[in-house]
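Letters A, B, ... mirror the listed sequences (proteins, then strands); counts begin at 1. Not measured: the values here are computed from a predicted model.
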Amino acid sequence: MVVLSNNNGNIVARSNEVKALGIPMGTPIFQVRDLIQAHQIQVYSSNYTLYGDLSQRVMQTLEQFSPELEVYSIDEAFLGLSGDGEAVAQQLRQTVQQWTGIPVSVGVATTKTLAKVANHLAKQGSGVCVLTDPSPALADLPVGEIWGIGHRLSDRLQQHGILTALQLRDVELPWVQQLMGIVGVRLVQELRGIPCLPLELCPAPRKSCCVSRSFGRPIESLGELKEAVATYGARAAAKVRRDGLTAGVVTVFITTNRFKPDEPQYANSAVVQLPQPANDTLTLVQAALRAVERLYRPGYQYKKAGVLLTELGPASVVQGDLFSAPAQQERRGALMRTVDSLNQQFGAGTVFCAAEGIEKEWQMRSGLRSSGFTTRWGELPVVR
DNA sequence: TCTGGGGTCCTAGGACCC
DNA sequence: TCTGGGGTCCTAGGACCC
């Protein structure tokens, strides 16, 4: 089985059977159509609403085991533990399996970076790994597989003869400072068991919020482009409202298909500074539409657009501008609360801006989406 | 024909201030 | 021949993560 990226473009998750066939992560699906057919691989669009819900259930389960929980991503978390690591890890794994049906692997070590190494081993073995003596594991680990080493740093380290995590752990600090800056120093210390990356127990408020999508088919007209940008702008506005934030700046970008070098290419972005930070859909969408009108050039096949909100700040303290009308702001806020609660209660898209369009023929492909087993009443799993 | 989306941090250089 | 010291802010680019 494989799961595809947005717009059904690339393979972003693979079952073990697919990995065994040698299909790499990120492969565009059209490049392996024959293999998919030959091995009857099941193909699914991704369903982030479902994954988000299951993730929350897993994280809530993890909370039972320690007050020190850092939710690192949709499918990873760090826990502060004391006592018998092995026993806790076993019990944690079993409980998550029982309560949510999700299999997890647990790596235990003295720093986050070493815990990631331990988790790597756990995944290959029994599902639990307590790293008491890291050296053998580090000797077996290619330097590029360390958390925080991407392909560029990996290449550079290998040019200097550093091939394994063990070799990197034992370099001189000034040397790594020179090559990789402060990030490298912290990483080496972490490999030595000296924590430099603390648990982030209360996540810092985000600094930007971006909604962008490839289109299901190329867009040529300004009209459709505006629909897409309005749709993304409205989505971004809802996200910052959910987080209790406002945006000071709206950036819009549009681009043609970079994989078609024979076609004329155009990519550009435009920035709108708001007179006063806002999070209501109407203000943000208006700003985004002004931006896309400035950007648009006829004669191109557009493939993707996005709306980026920055200069985010708490909605509770907004610096007003001299000419704003507080009463109207208050009404706008009430309107958004109503819209959000309707969309929450009756489903996304119940109330929306007309500017977002109705038919949306440009919408991304997601025709192979799995059911919303735990997120839609109409799609609950059926027990036979 | 077909190629994803959403984030963060660090660094160096330029511009400016007193 | 000689030309201070100590800062901040902004931006672009590079690197990384899931």
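Note on A:Leu309: nothing from the nucleic acid sits closer than 4.0 angstrom, heavy atoms only. Looking at heavy-atom distances under 4.0 Å, A:Ile149 makes contact with sugar-phosphate atoms alone, never a base. Counting any heavy atom pair closer than 4.0 Å across all strands shown, A:Arg186 reaches sugar-phosphate atoms only and no base atom. Nucleic acid contact class of A:Ile74 (heavy atoms, under 4.0 Å, all strands): none. At a threshold of 4.0 angstrom between heavy atoms, the contacts of A:Ile29 with the nucleic acid are absent. At a threshold of 4.0 angstrom between heavy atoms, the contacts of A:Asn257 are confined to the sugar-phosphate backbone, with no base atom among them.
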Just do the side chain to side chain contact (heavy atoms under 4.5 Å, CB included) check on A:Leu225 and A:Ile254 with the steps written out, would you? CA-CA 9 Å; A:Leu225 206 52; A:Ile254 59 177; 4.0 Å; yes
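The side chain of A:Ser214 places an N or O atom within less than 4.0 Å of a non-bridging phosphate oxygen (OP1 or OP2) of B:dG5. At B:dG5, one or more side-chain N or O atoms of A:Lys304 fall inside 4.0 Å of OP1 or OP2 (strictly under the cut-off).
When each of A:Arg33 and A:Ser208 is assigned the nucleotide of DNA chain B with its nearest heavy atom, A:Arg33 is the one assigned upstream, toward the 5' end. In this structure, A:Tyr48 and A:Lys239 both approach DNA chain B, and ranking their closest nucleotides by distance from the 5' end singles out A:Tyr48.
For A:Trp147 and A:Phe78, the ring centers are positioned less than 6.0 Å apart.
Atom name P, nucleotides B:dT3 and C:dC18: the rounded distance is 25 Å, in whole Å.
Residue A:His151 places its side chain closer to C:dC16 than to any other of C:dC18, C:dC16, B:dG4. Listed nucleotides: C:dC18, B:dC9, C:dA15. Nearest to the side chain of A:Asp75: C:dC18.
Checked options A:Gln265, A:Gln301, A:Lys304, A:Glu263; the residue passing with A:Thr256 is A:Gln265 (criterion: side-chain hydrogen bond (donor to acceptor under 3.5 Å, both in side chains)).
A:Glu76 and A:Lys116 are joined by a salt bridge, as a carboxylate oxygen and a charged side-chain nitrogen come within less than 4.0 angstrom of each other.
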